[in-house]
Every structure is written in C-alpha cells, then in structure tokens.
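Just so we're on the same page: letters track the sequence lines, and every chain starts at 1.
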2 protein chains.
Amino acid sequence: MRADAKKNYDQVLAVAAEVVAEQGADASLRDIARRAEVGLGTLYRHFPTREALLEVLLRTTMDELTRKATDIEATCAPDEALLTWSRLAVAFTHTFRGVVDLMATAMDDENSALHASCTKVRADGARLLLRAQDAGLARKDIDGADLLSLIAALGWLNDQPSFAPRAAHLFDVIADALLIAKPHSP
Amino acid sequence: MRADAKKNYDQVLAVAAEVVAEQGADASLRDIARRAEVGLGTLYRHFPTREALLEVLLRTTMDELTRKATDIEATCAPDEALLTWSRLAVAFTHTFRGVVDLMATAMDDENSALHASCTKVRADGARLLLRAQDAGLARKDIDGADLLSLIAALGWLNDQPSFAPRAAHLFDVIADALLIAKPHSP
DNA sequence: ACCTGAACACCGTTCAAGT
DNA sequence: ACCTGAACACCGTTCAAGT
C-alpha cells in the first residue's frame, strides 16, 4: 500500500472508531469521511461496504473473545466456563450500538465480511456448551445456534435503554435454565 | 372530519398496512403517500409522526391482546395462563417487522404514541406473573419489566432470519426458567 | 379545513476527471 | 495507484401557496 493510501486508511479507521462509538453501527459514512478529511470515494475504496469497515473495528475484540474461550476452557470447570464465556460474549456485543443486528445479518449472509468471525464465535460457544453437556452440567436440548441466539437476544436488550437495566439479571435467569444443578457430593 | 379528509385518512391507513406488512416499521413514508395517491403533507397532517401511524396499525391487535389477557386469566391455571399469554405477546410482536424496536423505544419515551399501549401490555403481563408467583408456580425474582424484556427479546429473535428458527424452542427453555415445577400430588 | 408539492437538509453509492 | 467530489436516486420534514 502506498504511503498516502495507508495514511488515509488509518485516518478513516481512527475516526470511524470514534464516530461509531458515539452513534452506533448506522453512523453516517459521509460524516466519517468528512471528519477524516478524506474524499467519500476514498472511504469506499478502502472499505467497499459498511460491514467491511465495521469488521475491522470489531476484529481485535472478536479475536480476543476467541482467545479467551481457549483460556477459559483450560482453566475453568465446564459449567463455570460456559457462563463466564457467555458473559464475555454478551459484553462483546456492547462494543458499540448495533453489533447484535450486525451479527444477526452476518450469520445469514455468507458474503458478509463478518460471517466468518460470527461463525467462529458460535463454534466457540458450541464447544463450551458441549463440554458442559458432556459433564452433565448443561441441558442437552440446546445447541450452539441456540446459545448464540440467547447471547444475541441478551445483547439486544442491552442496546435498548428501557430494557438494558434488566439484562444482567435476565442473564442469570437464563443461565439457570441452561445449567443443571450439580448434585451435592455426599 | 370532512368527507374528503376521512377518505384520505382511510386510504393512507390501508396502503400503510400493506407497505408496512411488506417492508416493516421503517418503510418509506414517501412511498406510502405515493401509493395512496396523496400528497406527502396530507400524510403528515393525519399522522404527525411515524409512530402515530404505526400506533393506529397496532391498536386493534394490542387491544385484542389485552382482552385475551382477561380471558386467559379467567379460564386457565396461573402457570398455564402466564405461558399462553406470553406466547400471544411474542406472536403480537410479529404483526410486522420492527414492532419490537418500536416497543423498546416507546417504553423509554413518555410522549410516544405507543407508550400507553406498551405500558398496558407490561401491566397485563405483570398481573399474570404475580398470579403465578402467588400460586407458587413462578419464580419470585422477576417482575413485569423482566417479563416484557424477555418477550421483546424473543420477539427480536423472530425478526432475525438467522435466529428465528430457534425462537420457538428458546421460548420453552426460558419458560422452564420462569416456572417452578408443581410438586406431584400424592 | 384541507390538500399539494416544492424546498431544504440530509443519506448511500458510483464514477468521470484529476494527480 | 490513488484521490476527489459532483451526480444520481433516494430519504424525512416543513411550509407557502393553493382550493
């Protein structure tokens, strides 16, 4: 990449991070280009779709989430691992407003820049869920897609001012539904 | 209302019902006015905000939901009543795409044309929940706002093509979490 | 009273013209 | 190679001018 191109790319990304943090995933691309002091065409050259731009903004955090899945699996009991990771996954959806809708759309679109990352998150969750199920600690009538749906639904609640205050408590309620109480040791 | 005004009002409403059913709550008002063969200003005269228009489209169904709450309460056991009504409430959010976001926004805005109706739904749910709780059939650490949040979250899942297939099953999973198993009679 | 549509301030997206 | 911004086709919202 040419030096001037690289500079524009970085500038757009930096400004986009700010604007998206303020206004969410549907922030005006025109506004981002303007604040980045870059032609609108330049933004489109580097990021052919809105999702391509947001994908870069999310990549670091998503990679971290995957890394943490491995860590947690290695260090926690199956039930605790499932819950801890699920909590992190919900927290990830609060990177900025609209992440959850973005994920839902990406899951349904093979061509989305975010499709692979979202599938990875689902796979990580499925693995932790299966581990808890095998240990007899999680109910067996749900799968990775169900888990991701629940995480997304809880993430959506957090995006709504009127429902957000309930999200943390409802996470616990739903967690209760997923886990099977461990019988007390004698 | 003058006869010509009434005719325009009805025409806009009829067309809006169609267009919103097809495209969801964020359908183009311009498009609705065009298809209704009415000036854009006429649409705004009769429905000063988008919510005012959607409120009329939802009123019938919402009133029905309230009526059914009373029926169900009168005829069903407390736990069955809670579940049956909750299922209807989720179904209501599928009147058209975007109802759930509309409700979330309306709950947070006293001035919304939908605020009163949404509060009513929450109150109906709260009543049925309390009845089940008093009968020892529902867990006591949730309230009407929690129930509405769960209903909205399940409604949101149904709006997402990638998550919708899970919604029915997840309703049952969450229902399990809300209800307390009735002890078998001896 | 009511209707109309132009006017204004925004979008997203594309692409010819420039360096 | 890369950048620019005008151009196009859309929005929502308001309001002067008409009947």
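In this structure, CD of B:E51 is placed 14 Å from P of D:dG12, rounded to the nearest angstrom. One can place CZ of A:R45 at 14 Å from P of C:dA16, the figure rounded to the nearest angstrom. For A:Q23 and C:dC10, the CD to C1' distance is 13 Å, given to the nearest whole Å. Computed from coordinates, the A:L40 CG to D:dC3 P distance equals 13 Å when rounded to whole Å. One interatomic measurement links the two molecules: CG of A:L29 to P of D:dG5, which rounds to 17 Å at whole-angstrom precision. In this structure, B:H46 atom NE2 and C:dC2 atom P are separated by 8 Å, rounded to whole Å. When rounded to the nearest whole Å, the span between OH of B:Y9 and P of C:dA1 equals 19 Å. Rounded to whole angstrom, the span from the CG atom of A:L43 across to the P atom of C:dT14 amounts to 13 Å.
Residue B:G41 is the one, among B:G41 and B:R2, whose nearest nucleotide of DNA chain D lies closer to the 5' end (criterion: closest heavy atom).
Residue B:Y44 has its side chain nearest to D:dT13 when only C:dC11, C:dC3, D:dT13 are considered. When distances run from any side-chain atom of B:R34 to the nucleotides C:dC2, D:dC11, D:dC2, the shortest one goes to D:dC11. For A:D4, the listed nucleotide lying nearest its side chain is D:dC2; candidates were D:dC2, D:dT13, C:dC3. When the nucleotides D:dC3, D:dC11, D:dG5 are ranked by their closest atom to the side chain of B:R30, D:dC11 comes out on top.
Looking at every heavy atom in both residues, A:F96 comes nearest to A:A21 through CB-CA, 4.4 Å.
We find that B:R166 and A:D146 are joined by a salt bridge, their nearest charged nitrogen and carboxylate oxygen being less than 4.0 Å apart. The existence of a salt bridge linking A:D172 and A:R87 is confirmed by a sub-4.0 Å separation between a basic side-chain nitrogen and an acidic carboxylate oxygen. Electrostatic pairing of B:E51 and B:R59 does not count as a salt bridge here, judged by no charged N lying under 4.0 Å from a carboxylate O. For B:D124 and B:R127, the salt-bridge test passes: some basic side-chain N is under 4.0 Å from an acidic carboxylate O.
A:S28 comes within 4.0 angstrom of the backbone, heavy atoms only, and of no base. Within 4.0 Å of A:A27, counting heavy atoms only, lie sugar-phosphate atoms of the nucleic acid but no base atom.
In terms of phosphate contacts, B:N8 brings no side-chain nitrogen or oxygen within less than 4.0 Å of OP1 or OP2 of C:dC2.
Nucleotide C:dC10: unpaired (no Watson-Crick or G-U wobble partner with both distances less than 3.5 Å). Base-pair partner of D:dC15: C:dG5 (Watson-Crick or G-U wobble, both distances under 3.5 Å).
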